[in-house]
Each structure stands twice: as C-alpha cells, then as structure tokens.
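Below is one structure, written out as structure tokens, with a few remarks after it.
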Amino acid sequence: MSAPGADDLVIDNLALRFGGVVALRDVSFTHRAGEVLGVIGPNGAGKTSLVNAITGIYRPSGGTISFRGNRLNGLSPGAIAAIGVARTFQHNQLCAQLTVRENVMLGCHRRLGYGMFKAALGVGPARRAERRLRHEVEPILELLGLDDAADEPAGSLPYGVQKRVEIARALALRPTVLLLDEPAAGTSDEDRASLVRIIKHLQQDASCSVVVIEHDVGLVMEVSDRVAVLDWGECLMVERPEVVASDERVLAAYLGVDDPDTDLSRSDAA
Ligand SMILES: Nc1ncnc2c1ncn2[C@@H]1O[C@H](COP(=O)(O)OP(=O)(O)OP(=O)(O)O)[C@@H](O)[C@H]1O
Ligand SMILES: [Mg+2]
C-alpha cells in the first residue's frame with residue numbers, strides 16, 4: 001500500500017452515458033491509501049456504474065480514472081485487477097458447483113495468469129503452484145470465517161456466506177484497493193457484524209484500502225473514514241460520516257425527506 005493518506009485512486013470529471021441515460025456526470029473524488037471510503041446513494045444513483053467504470057467493465061464517456069498515477073481508462077478488467085484493483089459484485093458471481101476453496105483459488109489463478117483447467121491436468125509448474133495456492137488461501141478463508149465451509153459447494157451455502165466467499169475471492173488477488181458493491185444486501189445481522197469486523201481488520205492490518213457501497217447507511221457510517229454521496233449520477237459531497245449524516249442536501253436527496261429530526265446514522269435507508 002502507498003503511504004497512508006496518499007492518493008490511490010483519483011476519479012476526475014468521470015462521465016458515463018448509455019444513450020440518453022446519464023449514469024455518471026462529472027464525478028470527481030480521491031480515494032486515499034489506507035482509508036475506508038463509503039459510497040451511498042438511492043437506487044439508480046450510479047454506484048454500480050462507478051464500480052464498473054473503475055474496473056474496466058464500462059468504458060467512461062469522459063473524464064479520467066487513475067490509480068497511483070497510472071491511467072486506468074481503456075485497460076481491460078483483467079489488467080485493472082492485475083494492477084491491484086479488485087471488486088465484488090452486487091449480485092454474486094460465484095461458480096456454484098465449485099467449493100468455497102476452489103472459488104477463492106480462482107482469484108489466485110487470475111493473479112498468476114493460468115487457469116484451473118491446466119492445474120487440474122497437472123501440467124508443468126501449475127500442479128506445484130496449485131498445492132502452494134491451497135496453503136495461500138487458508139488465511140483468507142480463516143479471516144472471512146469460511147474455514148468450516150471450505151469444502152462445501154458455494155451454491156449450497158446461505159446468501160450471506162456466499163457474499164463472504166466473493167470477498168475472499170477478491171482478496172485472493174491481493175488487491176491494493178477493494179471495491180465492495182452492496183456486501184451486506186440480503187444478509188443477516190450476524191453477517192453484517194462479521195462484515196464490519198472484516199472491513200476494520202483489513203484497515204488495521206493495512207492489507208488494502210476499501211471502498212464500500214451500501215444502502216445500509218448505518219454500516220457505512222460505522223466503518224468509513226469518509227463518505228461519498230451519489231445522486232442522479234452526480235457526487236454531492238465527500239465528507240466525514242458525521243458531516244454527511246447531518247447534511248440537509250443529503251437527507252433531502254437520499255431519503256427524499258425534509259425532516260430535520262431524521263437520524264441518517266441510525267437508519268437503513270434502502
Ligand atoms: N448497462 C447499462 N445499460 C443502460 N443503462 C444502464 C446500464 N447500467 C446502468 N444503467 C443505468 O444507469 C443508472 C445508474 O445505475 P446503477 O446500476 O449504477 O445504479 P446504482 O446506484 O448501483 O443502483 P442500485 O442501488 O439499485 O444498485 C440507472 O439509470 C441505470 O438504469
Ligand atoms: Mg448498484
């Protein structure tokens with residue numbers, strides 16, 4: 001990781017259009033090394049589009065995205081992941097038939113640049129590397145509380161556990177920045193508590209910086225150093241949680257309320 005506080009991911013005047021639909025408009029902010037940045041905003045605000053643009057799935061219509069001075073625009077998703085920017089998906093993208101461990105090992109394979117097929121055939125160094133990877137993923141499985149489920153098919157597990165497998169797979173890339181798109185959606189209170197613990201651990205351990213997109217505003221306020229607020233494709237502000245929670249524009253835009261007594265920090269506004 002860069003020195004804490006240094007600029008890691010710099011988004012400058014980012015624009016993204018789909019025909020007449022403006023998903024992002026002049027979005028600018030900086031994600032600093034070591035920080036947890038929360039991103040909130042109502043449905044359709046552009047949160048997933050932002051992650052897709054950063055990770056190379058969508059090609060921006062304008063503006064720049066750079067990571068430690070390297071421009072990401074135009075790079076493939078694989079190249080961006082190899083640079084150290086990993087993400088999870090709002091809707092799980094696991095291989096349901098593979099075990100939890102195999103799904104997590106897939107993250108390592110992406111990093112190492114050969115597939116599980118070669119490894120399964122025992123071709124050349126792939127077989128030795130395979131054994132090494134099995135060891136390598138153990139601490140990740142442990143951190144995510146997945147050791148007991150490691151040999152279960154991912155598709156057979158409760159949704160909240162599958163969400164943790166997604167995070168484990170992204171961590172297997174050994175990212176510098178981890179983008180989490182609604183990691184708590186559809187999960188239990190227990191899953192939510194472990195998610196908070198995991199995010200705090202990643203920060204304390206200086207493993208990677210985190211960007212967490214969530215409708216669970218309470219969770220975002222609890223874990224974030226700063227919070228970006230998106231509304232209709234625009235970034236309204238990037239501020240400390242307590243500033244965001246008491247901002248009238250945010251209350252009006254995000255919750256559609258003008259009630260000054262509403263406490264954002266204690267609500268799940270989804
Ligand atoms: N591939 C696409 N083609 C056309 N329009 C799209 C596409 N992806 C996103 N959009 C549009 O861009 C806007 C932002 O969508 P996005 O999914 O980024 O919102 P979001 O903030 O992630 O919402 P949610 O909280 O529901 O996940 C919406 O109007 C959406 O319909
Ligand atoms: Mg989304």
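Both ligands and their constituent atoms are indexed starting at 1 by order of listing.
Among the atoms of Thr48, an N, O or S atom falls under 2.8 Å from the Mg ion (ligand 2). Taking backbone and side-chain atoms together, Gln90 has an N/O/S atom less than 2.8 Å away from the Mg ion (ligand 2).
Looking only at atom types and distance, the side chain of Ser49 has no donor-acceptor partner in the side chain of Asn52 under 3.5 Å away. With 3.5 Å as the limit, one finds no donor-acceptor pair spanning the side chains of Ser209 and Glu35.
The number of heavy atoms from other shown groups lying within 6.0 Å of CD (Glu190) does not exceed 12.
When heavy-atom distances to ligand 1 are checked against 4.0 Å, the residues falling inside are Phe18, Val21, Ala23, Pro42, Asn43, Gly44, Ala45, Gly46, Lys47, Thr48, Ser49, Tyr58, Gln90, Glu182, His215, ordered by chain and number.
Residues Leu230 and Leu236 form no side-chain contact, since every pair of their non-hydrogen atoms from C-beta on lies 4.5 Å or further apart.
Of the possible polar contacts, none joining the Arg17 side chain to the Val22 backbone as a donor-acceptor pair under 3.5 Å is found.
Between Glu166 and Lys163 no salt bridge is recorded (no basic side-chain N to carboxylate O distance below 4.0 Å). Taking the charged nitrogens against the carboxylate oxygens, Asp8 and Arg68 do have a contact shorter than 4.0 Å, which makes a salt bridge.
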